[in-house]
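Working notes, structure below.
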Amino acid sequence: MQDNAIDIQAVKDYLLALQQRICEGLAAADGTTEFGTDSWSREDGGMGITRVISDGKVLEKGGVNFSHVFGSRLPPAATAARPDLAGGSFQAMGVSLVIHPRNPYVPTSHANIRFFIAQKPGVAPVWWFGGGYDLTPYYGFDEDCQHWHRTAKMACEPFGTDVYADYKKWCDDYFFLKHRGEPRGIGGLFFDDLNAGGFERCFAFMRAVGDSYLPAYLPIVERRRDMPYGEREKRFQCYRRGRYVEFNLVYDRGTLFGLQSGVGRIESILMSLPPEVRWDYDYRPEPGTEEARLYTDYLRPRDWI
């Protein structure tokens, strides 16, 4: 791949436009609150636009972040699987979002798409795309899970018959809390280190994933946003949010990269954390309850299609 075939500006333009479209779609779904904007830059490495919504009618907290960061030396999170890149400089850009709804019957959603390019003197640039999205319900509904995965499959279909199945399994494997022995949610898509087939094809796939997030998520929000709930459901939501915090701070590659690189912005990196969370010692849901059904019926790899 020649350097002039890698269009970094086109990737950046797409990501900025995607951030705007997602914020507009989610704000319309909330209906009462807009996303605030915090633009930032650092002399020693990049810029970004953090968009945050808080205390909305539907969205208790949400963040949609664009960042474009530079560094003279790759952090350990980036070179653990690619030791040949150690000592190189890099650029990384992407859109990352996490939405924490108010109603416990509306699932939390996460999406991330990113582009990375590393360079070392005398060596051709190494680039790849990564990202995906996953869904974290607190109360399970087959209809929602099926819609989420069907939309993901439709986004993948133009790129090969095995793409959805491969990236669904990668997502199931990645969003797994090893210390708990349980998945974070019901999965979706996850891909990384994607450069096979050339820049244009990989960029097109990244766009397909990014463009399918709102069609995957908004219908679920509309179905569940007005369901009645009480203190029991809210307490369980806060307890399950604890798993979200554990995964992001222990395993998530994007979070670890941002914290280790020295060029990330801490407030933007940690925007994914929920506004309220709890850890109850040795909590176990009562058998036969909807809370128990989340574990038995949903927190396990399934063929949702």
Does the ring centre of Y229 sit less than 6.0 Å away from the ring centre of Y105? no
Distance-only donor-acceptor check, side chains K12 and Q9, under 3.5 Å: no
Looking only at heavy atoms, the pair that brings W148 and G188 closest together is NE1-CA, 3.7 Å
Does any donor atom in the side chain of N65 or T50 lie under 3.5 Å from an acceptor atom in the other side chain? yes
If only side-chain N and O atoms count, and only distance matters, is there a donor-acceptor pair under 3.5 Å linking R184 with N248? yes
Is there a donor-acceptor contact under 3.5 Å linking the side chains of E291 and Y139? yes
Heavy-atom donor-acceptor pair, K61 side chain to L273 backbone, under 3.5 Å: yes
Distance-only donor-acceptor check, side chains Y244 and H100, under 3.5 Å: no
Salt bridge (Lys or Arg N to Asp or Glu O under 4.0 Å) filter on R21, not counting sequence neighbours, yields D211
Non-neighbouring partners of D297 that pass salt bridge (Lys or Arg N to Asp or Glu O under 4.0 Å), sequence neighbours left out: R293
Tell me every residue that passes side-chain contact (heavy atoms from CB on, under 4.5 Å) with E143, counting only those two or more places apart in sequence or in another chain. R223, R224
side-chain contact (heavy atoms from CB on, under 4.5 Å) partners for D172, two or more places apart: K168, P301
Testing the 3.5 Å rule here: is there a donor-acceptor pair between the side chains of E24 and Q20? yes
Pi-cation contact, F199 with R201 (under 6.0 Å, within 45°): no
Please tell me whether F190 and Y167 form a close aromatic pair, meaning their ring centres lie under 6.0 Å apart. no
Check whether F203 and V163 end up in the same hydrophobic cluster, where Ile, Leu, Val, Met, Phe, Trp and Tyr are linked by side-chain heavy atoms less than 4.5 Å apart. yes
One thing to verify: whether E182 and R240 come together as a salt bridge, which I'm taking to mean a side-chain N less than 4.0 angstrom from a carboxylate O. yes
Answer with yes or no whether the side chains of T151 and Y217 bring together a donor and an acceptor at under 3.5 Å. no
Intermediate values then yes/no, side-chain contact (heavy atoms from CB on, under 4.5 Å), Y14 and R207: CA-CA 8 Å; Y14 168 76; R207 296 197 304 269; 3.8 Å; yes
From CA spacing to verdict: side-chain contact (heavy atoms from CB on, under 4.5 Å), V52, D38: CA-CA 8 Å; V52 176; D38 180 15; over 6 Å; no
Tell me yes or no: between the side chains of W279 and E246, is some donor less than 3.5 Å from an acceptor? yes
For I53 and E34, which heavy atoms make the closest approach, and how far apart are they? CG1-O, 3.9 Å
Set out, in order, the CA-CA distance, both residues' side-chain angles and the distance that settles side-chain contact (heavy atoms from CB on, under 4.5 Å) for L97 and N112, then state yes or no. CA-CA 6 Å; L97 68 92; N112 175 281; over 6 Å; no
Quick check: F159 with Y164 (ring centres under 6.0 Å apart)? no
Before we go on, tell me: are the rings of Y283 and Y239 under 6.0 Å apart, centre to centre? yes
Which pairs pass salt bridge (Lys or Arg N to Asp or Glu O under 4.0 Å) with one or both residues in residues 90-108, sequence neighbours excluded? none
Y213 and S109 side chains, donor-acceptor separation under 3.5 Å: yes
Less than 6.0 Å separating the ring centroids of W128 and F115? no
side-chain contact (heavy atoms from CB on, under 4.5 Å) involving C145 - partner list, sequence neighbours excluded: I186, Y298, W304
